[in-house]
Amino acid sequence: MYQIPRGTRDFLPEQAERFRRLEEIAVALACQYGYGELRTPIFEHSELFARSVGESTDIVEKEMYTFQDRGERSLTLRPEGTAGVVRAFVENKLYGGSLPAKYYYFGPMFRYEKPQAGRYRQLWQFGVELFGSEAPRADVEVIALGWQYFQELGVKANLVINSIGCRQCRGEYKKALVAYLTGRNICELCSNRLERNPLRVLDCKEESCQKELEEAPRISQYLCPQCQEHFQKVKAGLSDISIPFTQDERLVRGLDYYNRTTFEYKTNELGSQDALGGGGRYDDLVELVGGPAVPAVGLALGIDRTELMDPPALKKAPGRRGVWLVTMEPVSDQAIALVHPLRQQGVHLGYDLAGRSFKAQFKQADRNNCRWTLIIGPDDLAQGQAVLRDMDTGEQRQLALESLVEMVSNLEGVK
RNA sequence: GUGGGUGUAGCUCAGUUGGUUAGAGCACCAGAUUGUGGCUCUGGGGGCCGGGGGUUCAAAUCCCCUCACUCACCCCA
């Protein structure tokens with residue numbers, strides 16, 4: 001027997017519908033905020049991700065699905081959405097149009113990781129990217145959009161924000177941090193990080209490392225005046241629109257392209273998979289990918305994890321809907337032909353395909369949660385009538401066959 | 001990638017110190033009711049006991065390998 005590849009999943013109808021609604025709500029929200037959809041391929045040249053996400057990140061070092069095609073190009077299934085959108089932004093010279101330019105995407109991403117609940121090798125993200133504004137209120141808008149998504153769904157998320165400075169002041173800070181940590185009691189992993197990506201020592205969970213970090217220099221002390229002002233305005237902007245947040249100086253995101261604002265939406269209900277979404281500003285990325293210097297800010301939300309939170313907004317109203325035909329040989333085909341036009345009227349119509357007993361057909365009607373059954377057996381047909389039964393109340397009445405389609409398609413709860 | 005836990009019917013799970021045809025509840029199908037769902041009762045179909053190998057007269061049970069899920073680490077969505 002074949003098994004689904006590790007870390008991937010099938011979405012059976014009920015769950016697929018939940019996912020579809022999560023997408024619809026996200027798309028409606030993005031439209032409301034003035035974002036247009038930008039669809040990019042599911043794979044890109046490997047180099048794009050290596051350059052933009054960062055050579056020394058976990059994603060690039062060990063999580064990419066990379067393959068060679070028949071033309072011996074190295075391609076990679078996208079591990080995140082921003083790189084492709086930035087590539088498209090540059091390649092299509094979208095920076096030449098009016099700015100800011102705002103795009104959203106929704107789709108699967110791929111990361112080769114050891115799976116766990118809430119951590120998959122094929123995962124879905126919804127994201128937005130805002131190009132061409134350096135203004136703190138652009139950061140605030142993006143953060144607010146994500147916040148509103150969780151609010152609309154009724155999902156409890158905690159917003160955590162930080163500023164990791166710009167190229168200049170982060171450089172200063174890195175130097176200071178390395179100088180401070182060198183020779184101190186930190187774990188082996190962090191010793192390696194110290195050389196390649198020192199900021200990541202900050203969110204190490206190793207007790208010894210955290211202890212050493214207590215007295216370590218803080219990024220806030222190193223932010224240049226411009227970065228400081230930017231961060232203050234972001235925080236003020238969030239407060240102005242009543243979005244609560246906490247500041248965490250150890251929030252360092254695992255992608256290299258971020259600068260200044262970084263943020264995450266966290267939960268404490270999913271074990272160690274606590275990030276529902278996150279994002280930040282990436283003012284240098286467009287240039288890095290070959291475009292002009294265009295500042296940008298964006299976010300990505302994890303749809304799989306959001307669904308795991310069992311959003312109250314996805315609860316279905318339980319009411320019955322639609323019509324079930326109950327009939328019997330030798331007139332079944334005639335009965336079906338009589339009611340089929342209901343489908344063209346948009347009525348939810350079902351009937352037995354297996355030649356089951358009368359009783360069994362009512363059972364199916366019940367199980368399919370139908371509001372009405374329409375009974376058309378040999379006797380009814382002979383009298384030119386059908387029997388309509390209300391499955392909620394059990395009441396029945398007769399209908400003339402000539403007016404059946406019109407009568408039934410105007411009933412309550414059939415569409 | 002490292003370490004732990006768990007895999008028995010569609011689902012949730014029993015299964016004794018290894019012992020003969022592997023069970024229950026729910027779900028499914030049928031009958032009780034030859035034109036009426038939900039409730040009840042009766043019956044029925046369904047299992048390479050995750051897969052492979054080994055020990056043994058005998059393995060769901062013990063051992064090894066492997067696959068999957070899961071928890072923690074790691075990382076993030």
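Reminder, nothing fancy here: chain letters follow the sequence lines and each chain counts from 1.
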Could A:Arg39 and A:Glu37 be called an ion pair, given the rule that one side-chain N must be under 4.0 Å from one carboxylate O?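 Between A:Glu37 and A:Arg39 there is a salt bridge, with a charged N closer than 4.0 Å to a carboxylate O.
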Sugar-phosphate, base or nothing in reach of [X], heavy atoms under 4.0 Å:
| X | value |
| --- | --- |
| A:Met109 | nothing |
| A:Glu80 | nothing |
| A:Gln361 | nothing |
| A:Ala117 | sugar-phosphate |
| A:Gly7 | sugar-phosphate |
| A:Arg121 | nothing |
| A:Arg111 | base |
| A:Leu123 | base |
| A:Ile375 | base |

Hey, is CZ on A:Arg51 packed in by over 12 heavy atoms from elsewhere, all under 6.0 Å? no
Kindly state whether the ring of A:Trp147 and the ring of A:Phe263 have centres lying under 6.0 angstrom apart. no
Compute the ring centroids of A:Tyr35 and A:Tyr104, then answer whether they are less than 6.0 Å apart.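 Not close enough - the centres of the two rings lie 6.0 Å or further apart.
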For RNA chain B, the residues among residues 261-275 of chain A that have a non-hydrogen atom under 4.0 Å from it: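 Here the set is A:Gly271, A:Ser272, A:Gln273, A:Asp274, A:Ala275.
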Decide yes or no for A:Phe67 and A:Leu77: does some side-chain heavy atom of the first lie under 4.5 Å from some side-chain heavy atom of the second? yes
Which one, B:A72, B:U2, B:G38, comes nearest to the side chain of A:Gln116? B:A72
Is the phosphate of B:C69 approached by A:Arg6 (side-chain N or O, under 4.0 Å from OP1 or OP2)?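 Yes, because at least one side-chain N or O of A:Arg6 sits under 4.0 Å from OP1 or OP2 of B:C69.
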It should be established whether A:Lys363 places a side-chain nitrogen or oxygen under 4.0 Å from OP1 or OP2 of nucleotide B:U36. no
Separation of B:C74 C1' from A:Asp58 CG (nearest whole Å):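 The answer, rounded to whole Å, is 7 Å.
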For A:Arg367 and B:U36, what is the distance between atoms CZ and P respectively, to the nearest whole Å? 18 Å
So what stems show up for RNA chain B if we need 3 or more Watson-Crick or G-U pairs in a row, all under 3.5 Å?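 So the stems come out as B:1-7 with B:67-73, B:10-13 with B:23-26, B:28-32 with B:40-44, B:50-54 with B:62-66.
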